[in-house]
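For reference, the structure is listed below as C-alpha cells.
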Amino acid sequence: KHIDYAMESLRILYWDSQTLRQRIAIPDFFLKEENKIVEIKSEHTLDLQNMIDKKRAYIDHGYNFVLYVDKERRDI
C-alpha cells in the first residue's frame with residue numbers, strides 16, 4: 001500500500017504548559033492524504049503532558065492526530 005507521507009517536515013508552534021512558553025513541535029510523520037500527524041514514542045521517551053500540549057496545537061491547526069507508544073495506538 002502506497003502512503004504519501006513526510007517525515008519531520010512540519011513545524012508547529014505550541015504552548016508548553018510545563019515550561020510556560022511557546023515552543024515548536026516537529027511531528028514524526030505527516031500523512032498528507034489523511035491530513036494526519038503521527039507521533040511515535042516509547043514508554044521511556046513519552047512525556048505525556050508535553051504530548052497533550054502538542055496534540056492540542058495539532059488539532060487547533062486543523063490536523064488529525066494519532067499517537068503510537070511501543071507500537072500500540074494510544075488515546076490521550
Side-chain angles (χ1 to χ4, degrees):
K1 182 176 178 180
H2 176 73
I3 298 173
D4 189 13
Y5 72 95
M7 290 176 44
E8 298 183 346
S9 64
L10 298 176
R11 304 293 186 267
I12 298 174
L13 195 61
Y14 76 100
W15 180 255
D16 185 328
S17 66
Q18 296 175 95
T19 63
L20 302 177
R21 65 184 181 99
Q22 287 190 323
R23 298 182 63 190
I24 296 174
I26 305 171
D28 295 323
F29 294 95
F30 175 58
L31 308 180
K32 296 176 182 181
E33 289 180 16
E34 298 177 47
N35 193 42
K36 183 182 290 182
I37 288 174
V38 179
E39 290 278 17
I40 300 174
K41 303 296 178 208
S42 74
E43 285 292 340
H44 300 290
T45 62
L46 177 65
D47 178 337
L48 186 57
Q49 183 57 54
N50 187 258
M51 189 55 61
I52 290 169
D53 294 342
K54 289 178 183 181
K55 176 188 176 183
R56 184 175 300 122
Y58 299 158
I59 300 298
D60 287 350
H61 282 86
Y63 296 103
N64 300 309
F65 171 75
V66 65
L67 170 65
Y68 286 90
V69 178
D70 292 331
K71 299 181 183 180
E72 293 184 18
R73 185 176 174 154
R74 180 170 302 174
D75 293 323
I76 57 170

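Heavy-atom basis, side chains included; hydrogens, waters and symmetry copies ignored.
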Carboxylate-amine/guanidinium proximity below 4.0 Å for Asp16 and Arg21:
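So Asp16 does not pair with Arg21 through a salt bridge.
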Does the pair Glu39/Lys41 count as a salt bridge with the N-to-O cut at 4.0 Å?
yes
How about Gln18: does its CD atom have over 12 heavy atoms from other parts shown lying under 6.0 Å from it?
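Yes.
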Tell me whether Ile59 at atom CD1 has more than 12 heavy atoms from other residues, nucleotides or ligands lying less than 6.0 Å away.
yes
Tell me, with the steps shown, if Leu67 and Arg73 meet side chain to side chain contact (heavy atoms under 4.5 Å, CB included).
CA-CA 6 Å; Leu67 170 65; Arg73 185 176 174 154; over 6 Å; no
Rounded to the nearest 0.5 Å, what's the gap from [atom1] on [X] to [atom2] on [Y]? Could you check?
{"X": "Leu46", "Y": "Ile40", "atom1": "CG", "atom2": "CD1", "answer": "13.0 Å"}
{"X": "Asp28", "Y": "Met7", "atom1": "CG", "atom2": "CE", "answer": "8.0 Å"}
{"X": "Lys54", "Y": "Ile52", "atom1": "NZ", "atom2": "CD1", "answer": "12.5 Å"}
{"X": "His61", "Y": "Ile37", "atom1": "NE2", "atom2": "CD1", "answer": "9.0 Å"}
{"X": "Leu10", "Y": "Ile24", "atom1": "CG", "atom2": "CD1", "answer": "12.0 Å"}
{"X": "Ile12", "Y": "Arg23", "atom1": "CD1", "atom2": "CZ", "answer": "14.0 Å"}

Tyr5 and Glu33: CA distance, side-chain angles, deciding distance, side-chain hydrogen bond (donor to acceptor under 3.5 Å, both in side chains) verdict
CA-CA 8 Å; Tyr5 72 95; Glu33 289 180 16; over 6 Å; no
Are side-chain N/O atoms of Tyr14 and Asn50 paired as donor and acceptor at under 3.5 Å?
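Judged by distance alone, the side chains do pair up.
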Please determine, by modelled atom types, if Ser42 and Asp70 share a side-chain donor-acceptor pair under 3.5 angstrom.
no
May I ask you to test the Pro27-Glu8 pair for a side-chain heavy-atom distance under 4.5 Å?
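With C-beta onward as the side chain, the pair stays apart.
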Counting C-beta onward and ignoring hydrogens, is there a side-chain heavy-atom pair between Asp4 and Leu31 closer than 4.5 Å?
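No, every pair of side-chain atoms sits at 4.5 Å or beyond.
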What about the rings of Phe30 and Tyr63, do their centers lie closer together than 6.0 Å?
yes
Same apolar cluster (I L V M F W Y, side chains within < 4.5 Å links), Tyr58/Ile26
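Each belongs to a different hydrophobic cluster.
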Determine whether Met51 and Phe65 satisfy the following criterion, side chain to side chain contact (heavy atoms under 4.5 Å, CB included), listing intermediate values before the conclusion.
CA-CA 11 Å; Met51 189 55 61; Phe65 171 75; 3.9 Å; yes
